[in-house]
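Written out below as structure tokens is the structure these notes cover.
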Protein chains: 2
Amino acid sequence: MKLTKGFEQAACIIVLLATQDPNIPLTSLEINKRLKCSPTYLRKIIRKLVVSKLVNSVSGNNGGFTLATSAENINLLQVVEALEGPIETFSDTELISEVFKEFPFITDHGTAILKNAFAQADQLWRDSLKKKTVHQLIKEAVGDEKVSLYNWNHSAEKRDLLIRKVMNSIHGND
Amino acid sequence: MKLTKGFEQAACIIVLLATQDPNIPLTSLEINKRLKCSPTYLRKIIRKLVVSKLVNSVSGNNGGFTLATSAENINLLQVVEALEGPIETFSDTELISEVFKEFPFITDHGTAILKNAFAQADQLWRDSLKKKTVHQLIKEAVGDEKVSLYNWNHSAEKRDLLIRKVMNSIHGND
DNA sequence: GATGGCCTACTCGGATAATGCATGTCCGAGTATCAGCGG
DNA sequence: CCGCTGATACTCGGACATGCATTATCCGAGTAGGCCATC
């Protein structure tokens, strides 16, 4: 009954993208510079966010990922369910029906009653997380600081590459 | 983010014990006659219930398990936490602090904010389950039927054994 | 016949393997850029 | 000098291994009852 470790990564990714200039996609490699974790697994996480329509991906050169919508429109529940699928803590395996099969009045309702109890609890949990938007949380985190956009792409390598290309275009291939 | 399969077994065990004459302990083998699952694993489940003080165990001949308290005093949350330990859906691995270490105003609060968000949601979930007592659920399941005590121990083998012993005591060892 | 001690059979309890899912890795698919060629 | 074409380098995307947690198993510890010898 814990969220997977991947969720914490997803949360960080969302925050990074939320503070990234949406015109400049962020590559998984750049994200990986900050999240020191398996680069390929990171992509799997991001992929889930893409499938869930929280993040856009663009292939090819200068491609990468951007937030699919504004941070105001993304809440924690969406991030959780992007990774974990629909949350249903109690998974019924018909065990109760089997155990009490001689007692029809239990078989008929027993499982449903337990399911409902957990469904109610789950609903409360979901509703609580639904109210927390990413934007709201970021603002809460930075406090009085203004929430500004960064370009996390500006890593040393990228800059060097850019400079080299500019030099080339000026001096020709040398 | 699912409860383990073991929980469903635990729920059945609790219900069985709740409808069992508390003077007659129920052996794990007897329980296993109904819950067609790994007998030894079943014991591990029951063990957790014992450790959590929901169930009493008595060793030795004619031993077994009984409910430690009345079904009115047992709620779903207790059963869940007996198996899964304290429920905390978001497990912090300091990832956020690491990712945003250059931004002290995030590092300081960021993780706490996320933790709190989930702590709130978890609390609602727990409270909801805490309200559902086992007795209440059983009554709901059986509807108008009276909740009566069974002795689930009355299996064919036990009865046969008993008869054999009685015969022996009458006729001597033959 | 009553009583005490021993013994056996039965119970639970914790250390030890096997399976399933989350995690981690690899190679292929697709696309925007860039260079070269032709007009 | 401009536009087209092809190659290329870079990106994401899905099929293939690994590790840890849940699930399953085995053997040992402890206890209650029964049998037998003794008084």
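What you see below is based on every heavy atom in this structure, not just the backbone, and it leaves out hydrogens, waters and symmetry mates. Below, chain A is the first sequence line, B the second, and so on; all start at residue 1.
Counting only heavy atoms from C-beta on, A:Thr40 has its side chain closest to C:dC26 among C:dC26, D:dT22, D:dA24. Distance from the side chain of A:Ser57 is smallest for D:dC12 among the nucleotides C:dG24, D:dC12, C:dC12. Relative to the side chain of B:Tyr41, the nucleotides D:dT23, C:dT25, D:dC26 differ in distance, and D:dT23 lies closest. Closest to the side chain of B:Ser28, from the set D:dT25, D:dG13, C:dC12, is C:dC12.
Here the P atom of nucleotide D:dC20 and the NZ atom of A:Lys2 are 18 Å apart, to the nearest Å. Distance A:Leu42 CG to D:dC12 C1': 12 Å, rounded to the nearest Å. Taking atom CG of B:Asn61 as the reference point, atom C1' of C:dC7 lies 13 Å away to the nearest angstrom. As a whole-Å value, the separation of B:Lys36 NZ from D:dT23 P is 21 Å. The nearest whole Å value for the distance from the CE atom in A:Met1 to the C1' atom in D:dA21 is 16 Å. C:dG28 atom P lies 14 Å from atom CZ of A:Arg43, rounded to whole Å. As a whole-Å value, the separation of B:Asn32 CG from D:dA24 P is 11 Å. Rounded to whole Å, the distance from CD on A:Glu8 to C1' on C:dT23 is 15 Å.
Interface residues of residues 44-55 of chain B facing DNA chain C, ordered by number: B:Lys44, B:Arg47; criterion, heavy-atom separation under 4.0 Å.
For B:Phe90 and A:Trp125, the ring centers sit 6.0 Å or farther from each other.
Contact annotation: A:Thr4 reaches the phosphate of C:dT23 (side-chain N/O to OP1 or OP2, under 4.0 Å).
Tracing side-chain contacts under 4.5 Å through hydrophobic residues (I, L, V, M, F, W, Y), one reaches A:Leu49 starting from A:Trp152; they form part of the same cluster.
Residues forming a salt bridge (charged side-chain N to carboxylate O under 4.0 Å, His left out) with A:Glu98 (at least two apart in sequence, or on another chain): A:Lys101. In terms of the side chain to side chain donor-acceptor pair (under 3.5 Å) criterion, residue partners of A:Lys132 (sequence neighbours excluded) are, by chain and number, B:Gln120. Every residue meeting the salt bridge (charged side-chain N to carboxylate O under 4.0 Å, His left out) condition with B:Glu102, not counting sequence neighbours, appears here in chain and number order: A:Arg34. Listed by chain and residue number, nothing satisfies the side chain to side chain contact (heavy atoms under 4.5 Å, CB included) test with B:Lys53 (two or more places apart in sequence, or in another chain).
Both B:Glu84 and B:Ser59 lie close to DNA chain D; mapped to their nearest nucleotides by heavy-atom distance, the more 5′-ward contact belongs to B:Glu84.
Applying the side-chain hydrogen bond (donor to acceptor under 3.5 Å, both in side chains) rule to pairs touching residues 1-13 of chain A yields A:Thr4-A:Glu84, A:Glu8-B:Thr93, sequence neighbours excluded.
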